[in-house]
Q: 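After the structure tokens below, expect a handful of questions from me.
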Amino acid sequence: MTGSREEHGSARLTIRDVAARAGVSRAAVSLAFNDKPGVSARTRAHILAVAKEMGWEPNRSAKALGERGTGTVGLAICRPARQLGLEPFYMEFISGIESVLTQRSSALLLRLVRDIDEELDLQRHWWRSGQIAGSVLVDFRREDPRVPVLARLGMPAVAVGHPSLTGSFAALWTDDGTAVTECVRYLAALGHRRLARVGGSAELGHSAIRATAFTAAVRELRLDEGRQLATDFSGEQGARATRALLASADRPTAILYDNDLMAVAALSVAAEMGLRVPEDVSLLAWDDSQLCQLTRPTLSAMSHDVHHFGAEVARALYDVLGGERITARQMPTPVFTPRGSTGPPPR
């Protein structure tokens, strides 16, 4: 992209120059000049006015580049491919994103990565090569290295995580701490005193938030000290953690799982060990996919609309691309939905 203006003489002007003067992202400038959806009419008019003042016009090769990358959304997930295909949360989440992208004739560029370093290299490549207009960032860690690196790149992104984890990126989040506290209080009201939680990796921010809330609620209600085991969210590790808990001398009478896949696996483990659900042990899932309603007994769960969550994340990213300044948007807090897998503890 070339142009001229008095203060720059014959210096080459770029999307970065126009974006800096207009106070918007480079992706927003590209959307405005290519007359693509994703920016409001007001923002488009502002960008065009600033560009005209600078004496800047897009050339053909730059316009082609904008058309190639504009509107495409990146999403990198650190999960094995086989596990991702079995995990209802991400299938629902991705379908929610796709429902918005389809309306805008845009596409999702999805990649599975082995670790956070591989994701950083991938996000850099996507942005610098113009393959994406912006990205959805998930599975935040405390002191997440993606935050400073991707912020310096100037890449538009929406973060799925608590604002305390996501730095300057626009964050969409659910109040997992309050949801866990509600679960513990419900189980205590049924009479349970020995509780356990099977969660994700302690490195993950949302797992740490849930773990802290679980410990605090157990102490507040003066229950027996609750055990917590970390897993990779897979059914295999969920089953292994359940066997360890149910074989212990101080077997818990209720177990909360961080996803529904592990809770389904736990039902099989209980049957394998000759225990009845909920007469001998109560089980609770998170996310509440169709899996929870197909089991026998049906699984009690912390319910939230994951498809809607994904759609709102996509809409928020387009707001960012359109020049809106978003800090954080709290989604509805998951609510406890009791079903057949929870009841009073055994006498």
Side-chain angles (χ1 to χ4, degrees), residues 14-16 19 25-31 36 38 62 64-87 89-98 100-102 104 106-162 165-173 200-201 203-207 232-234 309-310 313-321 326:
T14 66
I15 273 185
R16 186 188 295 274
S25 68
R26 287 175 288 176
V29 174
S30 182
L31 289 167
K36 294 284 188 178
L65 177 62
E67 288 176 344
R68 183 176 75 246
T70 294
T72 300
V73 172
L75 173 61
I77 302 175
C78 188
R79 291 282 197 288
R82 181 177 179 83
Q83 182 180 333
L84 185 70
L86 296 173
E87 191 169 327
F89 173 86
Y90 271 118
M91 294 299 99
E92 283 289 303
F93 183 73
I94 290 169
S95 73
I97 292 176
E98 287 279 14
V100 174
L101 300 188
T102 299
R104 296 171 177 267
S106 298
L108 179 67
L109 186 54
L110 173 65
R111 278 282 298 275
L112 304 184
V113 295
R114 290 167 294 185
D115 53 43
I116 204 163
D117 291 330
E118 184 178 350
E119 180 181 348
L120 274 172
D121 289 340
L122 176 65
Q123 298 281 6
R124 287 191 193 99
H125 170 69
W126 276 349
W127 181 244
R128 289 171 175 166
S129 63
Q131 293 185 56
I132 61 172
S135 197
V136 174
L137 306 176
V138 298
D139 287 342
F140 274 81
R141 295 152 176 81
R142 296 193 183 279
E143 306 298 328
D144 198 299
R146 292 173 296 178
V147 171
V149 173
L150 300 183
R152 283 196 299 270
L153 279 180
M155 184 182 77
V158 165
V160 178
H162 192 276
L165 305 168
T166 59
S168 60
F169 289 111
L172 275 76
W173 60 289
S201 168
E203 293 183 351
L204 293 174
H206 69 272
S207 289
D232 64 357
F233 296 112
S234 69
F309 192 9
V313 166
R315 292 187 186 103
L317 180 56
Y318 279 112
D319 287 343
V320 170
L321 293 174
I326 301 171

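Everything numeric here is computed off the predicted structure, so don't read it as measured data.
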Q: For Val100, check side-chain contact (heavy atoms from CB on, under 4.5 Å) against everything at least two apart and list the hits.
A: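 side-chain contact (heavy atoms from CB on, under 4.5 Å) list for Val100, sorted by chain: Arg104, Ala311, Ala314, Arg315, Tyr318.
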
Q: Going by salt bridge (charged side-chain N to carboxylate O under 4.0 Å, His left out), name the residues that satisfy it together with Glu98, two or more places apart in sequence or in a different chain.
A: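 Salt bridge (charged side-chain N to carboxylate O under 4.0 Å, His left out) check on Glu98 returns nothing, list empty.
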
Q: Taking only residues two or more places apart in sequence, or in another chain, which ones meet Phe89 in a ring-ring contact (aromatic ring centres under 6.0 Å, His included)?
A: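 Phe89: ring-ring contact (aromatic ring centres under 6.0 Å, His included) contacts with Phe93.
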
Q: Closer than 3.5 angstrom, by distance alone: can the side chain of Ser30 be matched with the main-chain N or O of Ala27 as a donor-acceptor pair?
A: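 Side chain of Ser30 to backbone of Ala27: no pair is present.
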
Q: When the side chains of residues 145-152 are checked against the rest of the protein, which donor-acceptor pairs come out under 3.5 Å, sequence neighbours left out?
A:
from	atom 1	to	atom 2	distance (Å)
Arg146	NE	Asp144	OD1	3.0
Arg146	NE	Asp144	OD2	3.4
Arg146	NH1	Glu119	OE1	3.1
Arg146	NH1	Glu119	OE2	3.1
Arg146	NH1	Val138	O	2.9
Arg146	NH2	Val138	O	2.9
Arg146	NH2	Asp139	O	3.1
Arg146	NH2	Asp144	OD2	2.8

Q: Could I get the full list of salt bridge (charged side-chain N to carboxylate O under 4.0 Å, His left out) partners for Asp232, not counting sequence neighbours?
A: none

Q: Using the side-chain hydrogen bond (donor to acceptor under 3.5 Å, both in side chains) criterion, which residues pair with Asp319? Sequence neighbours excluded.
A: Arg329

Q: Can you pull the salt bridge (Lys or Arg N to Asp or Glu O under 4.0 Å) pairs that have at least one residue in residues 126-137, sequence neighbours excluded?
A: none

Q: According to side-chain hydrogen bond (donor to acceptor under 3.5 Å, both in side chains), who are the partners of Ser135, at least two apart in sequence or on a separate chain?
A: Gln123

Q: Taking salt bridge (charged side-chain N to carboxylate O under 4.0 Å, His left out) as the test, write out the residues that go with Arg124, two or more places apart.
A: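 Residues passing salt bridge (charged side-chain N to carboxylate O under 4.0 Å, His left out) with Arg124: Asp121.
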
Q: Taking only residues two or more places apart in sequence, or in another chain, which ones meet Asp115 in a side-chain contact (heavy atoms from CB on, under 4.5 Å)?
A: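 Asp115 satisfies side-chain contact (heavy atoms from CB on, under 4.5 Å) with Asp117, Glu118 only.
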
Q: What pairs with His162 under ring-ring contact (aromatic ring centres under 6.0 Å, His included), at least two apart in sequence or on another chain?
A: Trp173

Q: With sequence neighbours excluded, tell me which residues meet side-chain contact (heavy atoms from CB on, under 4.5 Å) with Glu203.
A: Arg141, Ser201

